[in-house]
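Before any comments, here is the structure.
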Amino acid sequence: MVGNGIALPSARVVAQVVTQAGAWDQSIERLEGPLLQGWRWGELKSRHGWSPIRLLLTGGDQPLLAAQILFRRFGPLSVAYVPRGPAVTDSTPATTAMLTMALDHVCKRRNAAIVFVEPDQGSLPFPTGGTLGWSPSQAMFQPKRTIKVRVDQPDDALLQQMKPKTRYNVRLAERRGVTVRMGTLADVPGVYRLLRETAERNAFGIHSLEYYQDVLKTFGPDAALFVAELDGDLAAAVVAIRQQREAVYMYGASTARHQRHMPAYLIQFEAMRWARESGCVWYDFWGIPDSDLPPAESEDGDGKYLNVRNGLWGTYRFKQGFGGDVMSYPGVFERVYLRPAVELWRRFRPGLG
């Protein structure tokens, strides 16, 4: 743990930059921080265009707040982003003020034109329109809502909490000979071809092949690649990552030619069982649309709805079928340091990735 001392209003609170994985993850565990605040997430992103800084606020020997900040360079400047964080014990405006001061110090040393903060559930309040200078952002990073299913229960209970059609499809896949196994790095190229097919079908973006290989290498036994097959042919795939008491469904793919055999249902059931056996309480389906209503077709005003298979809508009803609770996040907040540069960046920026 390295000092880089930052003067804060309270003499009892110390801000430090953490440079050791063990010290950081110990603090994240004590603060019950989410996956995207863990050390390994920062290491993964560091190999794909980002540079992480881990900022820890402590009072005495106790961690009060941990914020993993990801920086991405754009010419001489950078953009800063705190994904699904910070992890915090004291969710008060005073803590937000201390975090703001510490972020200002770190961001200005990195020539950041803007910082985005994406609070987790129960994280800090970010009052807008006040003296701290935060405002709601239109930036999109992680989904604003998710579905979390409780998995610390027997198979029968997992199945019972599903909707009848979903439960039927899980059993149908088994009857039709779909099998699910744990995949390895050798399976990733085939899974990537499946991801490309799924992305084209459902209109969403994907990372590079190397990125998915890095996910498995970085998280090791805490990442699981599930592969569903029918007569030896790849039918579906899921990547899940566990963090403390939760497993997150990060990536999934399936082929249209085997959809009628329902491999996507069985593979999710197996991923939920793995989460349970790994000591997790929750299985996070990660992303659903911001609203329960499909977006309206506004151009001709005829009141019709867009195809619910597009984007997140392509999997929303699928995920709903497994039961669980809908969880909402506060959204993204931003603090601008160099407004002219930010306006230029907003106009011409490439995707943040």
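Side chain of R196 to main chain of V191: no donor-acceptor pair is present (N/O by atom type, distance under 3.5 Å, no hydrogens or angles). Not one N or O on the side chain of K148 forms a donor-acceptor pair closer than 3.5 Å with the backbone of W282. Checked by atom type and distance alone, the side chain of T198 never pairs as donor or acceptor with a backbone atom of A253 at under 3.5 Å. Distance alone, capped at 3.5 Å, is enough to place a donor-acceptor pair between the R176 side chain and the R260 backbone. S278 places no side-chain N or O within 3.5 Å of a backbone atom of C280 that could act as its donor or acceptor partner. With hydrogens and angles disregarded, no donor-acceptor distance shorter than 3.5 Å links the side chain of T218 to the backbone of R40. Side-chain atoms of K144 never come within 3.5 Å of backbone atoms of I288 as a donor-acceptor pair (strictly under, hydrogens ignored). Checking side-chain atoms of S123 against main-chain N and O of P86 turns up a donor-acceptor pair under 3.5 Å. A donor-acceptor pair is defined here as one N or O able to donate and one able to accept, closer than 3.5 Å; such a pair exists between the side chain of R145 and the backbone of D290. Side chain of Q37 to backbone of Q68: a donor-acceptor contact under 3.5 angstrom is found.
In summary, E334 and R346 engage in a salt bridge, as defined by a charged side-chain N under 4.0 Å from a carboxylate O. The existence of a salt bridge linking R167 and E174 is excluded, since no basic side-chain nitrogen approaches an acidic carboxylate oxygen closer than 4.0 Å. Contact check on R201 versus E197 returns a salt bridge, with a Lys/Arg side-chain nitrogen under 4.0 Å from an Asp/Glu carboxylate oxygen.
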CA sep, side-chain torsions, deciding dist, call: H258, H261, side chain to side chain contact (heavy atoms under 4.5 Å, CB included): CA-CA 6 Å; H258 292 314; H261 302 297; 4.1 Å; yes
Candidate pair L225 and L216, rule side chain to side chain contact (heavy atoms under 4.5 Å, CB included), full reasoning: CA-CA 8 Å; L225 169 62; L216 297 183; 4.1 Å; yes
Salt bridge (Lys or Arg N to Asp or Glu O under 4.0 Å) between D222 and R242, worked out: CA-CA 5 Å; D222 289 324; R242 63 187 175 199; 2.6 Å; yes
Candidate pair T95 and V88, rule side chain to side chain contact (heavy atoms under 4.5 Å, CB included), full reasoning: CA-CA 9 Å; T95 308; V88 64; 4.0 Å; yes
F285/Y283 under side chain to side chain contact (heavy atoms under 4.5 Å, CB included): CA gap, chis, key distance, verdict: CA-CA 6 Å; F285 271 99; Y283 185 78; 3.8 Å; yes
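H207 and Y211 have parallel rings, their planes meeting at less than 30° on a 0 to 90° scale where 60° marks the start of perpendicular. Ring pair Y212/Y192 is tilted by interplanar angle, where 30° to 60° counts as tilted. Using cut-offs of 30° and 60° on the angle between ring planes, the pair F333 and F126 is parallel.
Screening residues 18-34 for salt bridge (Lys or Arg N to Asp or Glu O under 4.0 Å), with sequence neighbours left out, gives no hits.
Other residues, nucleotides and ligands contribute more than 12 heavy atoms inside 6.0 Å of the CZ atom of R257. Taking a 6.0 Å sphere around CZ of R175, one finds it holds more than 12 heavy atoms contributed by other residues, nucleotides or ligands. Counting non-hydrogen atoms of other residues, nucleotides and ligands closer than 6.0 Å to CG of D231 gives a total of 12 or fewer.
When side chains are defined from C-beta on, V82 does not count as touching F116, because their heavy atoms never get closer than 4.5 Å. Annotation: side chain of V117 is in contact with side chain of L103 (closest heavy-atom distance under 4.5 Å). Contact check for D284 versus Y249: no side-chain heavy atoms found under the 4.5 Å cut-off. Considering only heavy atoms from C-beta on, R72 stays 4.5 Å or farther from L77 through its side chain. Proximity of L56 to L65: side-chain heavy atoms (C-beta onward) are nowhere separated by under 4.5 Å. R110 places a side-chain heavy atom less than 4.5 Å from the side chain of S51. Side-chain contact between L64 and D90 is absent, with no heavy atoms from C-beta onward closer than 4.5 Å. A heavy-atom distance below 4.5 Å is found between the side chains of M272 and V149.
Of the options R150, R276, Q244, Q153, a side-chain contact (heavy atoms from CB on, under 4.5 Å) to V281 is made by R150 and by none of the others. Partner of M262 under the side-chain contact (heavy atoms from CB on, under 4.5 Å) criterion, chosen from I267, N169, V178: N169.
In this view, R273 and D155, E270 satisfy the side-chain hydrogen bond (donor to acceptor under 3.5 Å, both in side chains) rule, not counting sequence neighbours. For E118, the side-chain contact (heavy atoms from CB on, under 4.5 Å) partners at least two apart in sequence or on another chain are Y81, P83, R84, F141, Q142, V332.
Nearest approach of A237 to L194, heavy atoms of both residues: N-CD2, 4.1 Å. Nearest heavy atoms, W41 versus L35: CB-O, 3.7 Å. In plain terms, the two heavy atoms of A236 and P263 that are nearest each other are CB-CB, 4.1 Å.
For the residue pair D104 / Y337, a side-chain donor-acceptor distance below 3.5 Å is found, with atom types taken as modelled. In this model, no donor atom of one side chain and acceptor atom of the other lie less than 3.5 Å apart for S27 and R54. Between the side chains of S78 and N111, no donor N or O sits under 3.5 Å from an acceptor N or O.
Linking Ile, Leu, Val, Met, Phe, Trp and Tyr residues whenever their side-chain heavy atoms come within less than 4.5 Å leaves L99 and L31 in two separate clusters.
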